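Per chain, numbering begins at 1; letters A, B, ... match sequence-line order. All figures in this text were calculated on a predicted structure; none of them were measured in a lab.
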Amino acid sequence: MYIASLVGYTNTMPKKTPAKLKKNRYLCKHHINYRHIMLTLKILREQTAEVLERLAVKGLDAKEIINKILQFDDARKALQTQLDNNLAEQNVTAKNIGALMQQGKKEEAEAAKQRTAALKEQSKVLEQQLAETEKQVNDTLVLLPNLPSKLVPAGKTSADNVVVREGGAVPALHDALPHWDLAKKYDIIDFDLGVKLTGAGFPVYKGKGAKLQRALISFFLDRNTNAGYTEVQPPLMVNEASGFGTGQLPDKEGQMYHVGIDNFYLIPTAEVPVTNIYRDVILNPADFPIKLTAYTPCFRREAGSYGKDVRGLNRLHQFDKVEIVQFQLPENSYAALDAMVTHVESIVNELELPYRILRLCGGDMSFTSALTYDFEVFSAAQQRWLEVSSVSNFESFQANRLKLRYRDENKKTQLAHTLNGSSLALPRIVAALLENNQTPEGIRIPKALQPYTGFDVIS
RNA sequence: GGAGAGAUGGCCGAGUGGUCGAAGGCGCACGCCUGGAAAGUGUGUAAACUCCAAAAGGGUUUCGUGGGUUCGAAUCCCACUCUCUCCGCCA
């Protein structure tokens, strides 16, 4: 079943806005694009118990907040009706004035003018109240995350995630080096040089290390296009509207690099530009499914990260990733999610890496996701699992923000479903490849990758 | 960076204060015509909010965005954004 998303255009703006761009682009006037919020409110209203139950999976007691939202919305509707009636009378009266003037009925026209003046005064007040009430509805509504699908296990932390599949074999290594040592030993990744050029988290790949990057990108893209994904090369910077569409703005502003002078954001993932290709679009059912793949560098500020999590390639400010994105009819989105998981799994298998697939619990899932599968590969030298892919169904949560719709058989517009996943993210794949495949003779390159690297060992 | 032009429905394009949600064309949908098709022809063809149990129907809003003038704005005024052309710079 398909649950409409919960967030529409909000009144919240990023805190720091260049003076030049002060104007609030996200302000929702009462007359525009409100339908999706209403859809959601309808569900909040009619399926309150169900919604509460779903959100409880995320450890969220939303009873109070939903009551508040519905209350605000009642007030909003009442005001809307009043205002509409007011404006209707204004319109009729104004039209009459024209006729009266022509007929020379000056006095009556004068009276009508006074009437409209009074109505106008009232409308102004109503409009203001309506705007305030809408803001209350929105400000409260944006606090609600997407509803977890029924498959999502309850839980608070990653400890509650469920392993749904495992594969590959963990190699038995003696005196295994972590990848940052291997990188130095074979001179393939220079972290210090990156610090000199830019700062921590911006490594420089060299020689076979650089070639390995290029090989992996090509390998991933080829596997994806073979599976029916169309390759796209999107911009690496996006505007505010795109950031809002996929849910990075306004809340996660601090995670993105901001190019102040032009008010652009460096993409944290290809998901942002690629998904936004279909922002403000109304599709036909026959257009589905739409499957896109893109390689892009990704830029993340990762403020607040520290310790062993950020060592070496484990967490970077700039890294390469190949993404897959799908746009689906609601009834097909979960089958598509499964297919995406199977697809990513086949690639990990080709790389001969030990992996496991996790179904994320409510507490560990992102704000926007309805169901997420994480892929982790085992890093033999670090003796830990590294997340290399996250495959999610957002149902209509993003589509709502994007205003991505399709026309159903009754010609009504409905929200589409969006999905995406990494296929795959490079750095931790590289880390695992280096660590798991280290031998006294060098680092072995998996068979599937050799046509792309042109070498079978890094020594 | 300098100078100029522009922004109207899926697309093209008309429209300088009321009869404009917006002519005309293209496209699309359905019908007629046809053995079938083309041509021809007829009808229809935006989104969102709201009222109504629902349908039907009604109301409101939207002509880049925001504000202003006016009883009344696509049309007049102001600001902003974006696009295009020319010049400059340049991978």
Side-chain angles (χ1 to χ4, degrees), chain A residues 4 8-9 11 13 17-42 45-46 72-124 126-131 133-135 137-138 141 233 235-242 244 261-264 278-287 399-416:
Chain A
Y9 267 42
N11 287 316
M13 269 298 276
T17 310
K20 197 178 144 199
L21 298 150
K22 265 272 165 58
K23 205 179 349 160
N24 191 341
R25 294 191 203 149
Y26 296 143
L27 184 71
C28 184
K29 292 287 279 186
H30 70 280
H31 53 270
I32 50 168
N33 307 325
Y34 231 78
R35 171 138 188 271
H36 306 318
I37 290 176
M38 306 325 296
L39 252 181
T40 296
L41 284 165
K42 203 174 162 199
R45 210 178 276 280
E46 291 169 4
F72 287 143
D73 190 48
D74 285 336
R76 196 202 107 250
K77 276 192 188 181
L79 285 166
Q80 170 98 57
T81 306
Q82 270 187 63
L83 177 61
D84 281 358
N85 290 340
N86 237 37
L87 291 173
E89 194 183 338
Q90 259 172 250
N91 287 341
V92 170
T93 313
K95 261 184 193 168
N96 275 340
I97 290 172
L100 289 170
M101 295 291 241
Q102 275 187 338
Q103 292 163 29
K105 297 181 181 168
K106 265 200 171 163
E107 269 178 41
E108 282 181 53
E110 252 342 286
K113 274 192 193 182
Q114 279 181 15
R115 176 64 186 150
T116 51
L119 285 168
K120 226 171 141 180
E121 206 65 26
Q122 287 175 27
S123 296
K124 217 171 204 175
L126 285 170
E127 245 168 61
Q128 207 167 0
Q129 289 175 341
L130 184 62
T133 315
E134 273 170 11
K135 185 166 155 45
V137 173
N138 269 328
L141 205 47
Q233 281 196 21
L236 305 183
M237 291 191 243
V238 293
N239 56 27
E240 273 184 90
S242 294
F244 180 84
I261 194 158
D262 289 309
N263 201 29
F264 293 150
Y278 286 92
R279 168 154 52 82
D280 274 320
V281 169
I282 301 177
L283 295 159
N284 292 312
D287 296 330
N400 182 26
R401 292 173 157 242
L402 294 161
K403 283 180 278 156
L404 162 55
R405 291 159 288 173
Y406 67 95
R407 237 176 268 286
D408 67 13
E409 60 278 7
N410 299 319
K411 301 264 178 194
K412 289 212 167 185
T413 56
Q414 304 286 351
L415 292 171

Just the rounded figure in Å: distance from P of B:U62 to CG of A:Leu87.
9 Å

Specify the separation, in whole Å, of atom CD1 of A:Ile282 and atom P of B:A47.
6 Å

Rounded distance in Å - CD (A:Glu46) to P (B:A54):
10 Å

B:A47 phosphate, OP1 or OP2: any side-chain N/O from A:Arg407 under 4.0 angstrom?
yes

For atom CG of A:Asn239 and atom P of B:U65, their distance in whole Å
16 Å

Could you please name the partner base of B:C63, counting Watson-Crick and G-U wobble pairs only when both distances are under 3.5 Å?
none

Run the side-chain contact (heavy atoms from CB on, under 4.5 Å) test against A:Ile282 and tell me which residues pass, sequence neighbours left out.
A:Arg405, A:Arg407, A:Thr413

Return no unless some side-chain N or O of A:Arg76 is found under 4.0 Å from OP1 or OP2 of B:U50.
yes

Among B:C51, B:U19, B:U60, which nucleotide has an atom closest to any side-chain atom of A:Lys95?
B:U19

Nucleotide paired to B:A22 in any strand shown, Watson-Crick or G-U, under 3.5 Å
none

Inter-nucleotide C1' distance (B:G10, B:G44), Å rounded
15 Å

Answer for the Watson-Crick or wobble partner of B:G27, both distances under 3.5 Å, is B:U45

Applying side-chain contact (heavy atoms from CB on, under 4.5 Å), can you list everything that pairs with A:Gln114, at least two apart in sequence or on another chain?
none

For a side-chain contact (heavy atoms from CB on, under 4.5 Å) with A:Leu79, tell me which candidate from A:Glu127, A:Gln128, A:Gln129 qualifies.
A:Gln129

As its Watson-Crick or G-U partner within any shown strand, both distances under 3.5 Å, B:G9 has none

Please give, in whole Å, the distance from B:G67 P to A:Glu127 CD?
9 Å

Under the side-chain contact (heavy atoms from CB on, under 4.5 Å) test, which residues partner A:Glu89, sequence neighbours left out?
A:Thr93, A:Arg115, A:Leu119

Searching all strands shown, indicate the nucleotide that pairs with B:G1 (Watson-Crick or G-U wobble; both distances under 3.5 Å).
B:C87

Provide the distance between the two C1' atoms, one in B:G9 and one in B:U61, to the nearest whole Å.
16 Å

CA sep, side-chain torsions, deciding dist, call: A:Asp262, A:Met237, side chain to side chain contact (heavy atoms under 4.5 Å, CB included):
CA-CA 10 Å; A:Asp262 289 309; A:Met237 291 191 243; over 6 Å; no

Candidate nucleotides B:U60, B:C51, B:C71, ranked by approach to the side chain of A:Asp84 - the nearest:
B:U60

Let me know the distance between CD of A:Glu134 and P of B:U61, rounded to the nearest Å.
15 Å

What's the shortest heavy-atom distance between A:Phe264 and A:Asn239, and which atoms?
CD2-CA, 4.3 Å

To the nearest Å, give me how far apart CG (A:Asp280) and P (B:G10) are.
11 Å

Starting at CG of A:Asp262 and ending at P of B:C82, how long is that distance when rounded to a whole Å?
9 Å

Using the P atom in both, what is the distance from B:G68 to B:C11, to the nearest Å?
30 Å

Distance, P atom - from B:A73 to B:G17, rounded to whole angstrom
14 Å

So if I take every side-chain heavy atom of A:Lys113 and compare against B:C71, B:U60, B:C51, which nucleotide ends up nearest?
B:C71

Do A:Leu402 and A:Leu415 touch side chain to side chain, with heavy atoms closer than 4.5 Å?
no

Please identify each residue that fulfils side-chain contact (heavy atoms from CB on, under 4.5 Å) with A:Ala109, with sequence neighbours left out.
A:Leu100, A:Met101

Short heteroatom pairs, N/O only, protein and nucleotides 72-76 of chain B, under 3.5 Å:
{"residue": "B:G72", "atom": "OP1", "partner": "A:Lys120", "partner atom": "NZ", "Å": "3.0"}

What's A:Ala112 touching, base or sugar-phosphate or nothing? Going by heavy atoms closer than 4.0 Å.
nothing

What interatomic distance, in whole Å, is found between C1' of B:G36 and the corresponding atom of B:C26?
26 Å

If the P atom of B:C63 is compared with that of B:A7, how far apart are they to the nearest Å?
14 Å

Hey, is the side chain of A:Asn91 poking within less than 4.0 Å of OP1 or OP2 on B:U61, counting only N and O atoms?
yes

Quick check on RNA chain B: between A:Asn96 and A:Ala78, whose nearest nucleotide comes earlier from the 5' end?
A:Asn96

Under the side-chain hydrogen bond (donor to acceptor under 3.5 Å, both in side chains) test, which residues partner A:Thr133, sequence neighbours left out?
none

Using Watson-Crick or G-U wobble geometry with both distances under 3.5 Å, which nucleotide pairs with B:C52?
none

A:Glu134 versus A:Arg76, closest heavy-atom pair with distance:
CG-CD, 3.6 Å

Using atom C1' in both nucleotides, what's the gap between B:G67 and B:G59 to the nearest angstrom?
26 Å

Which nucleotide, if any, forms a Watson-Crick or G-U wobble pair with B:A38, using both distances under 3.5 Å?
none

P spacing across the pair B:A47 / B:C90, given as an integer number of angstrom
50 Å

Quick one: which of B:U19, B:A47, B:U50 gets closest to the side chain of A:Thr413?
B:A47

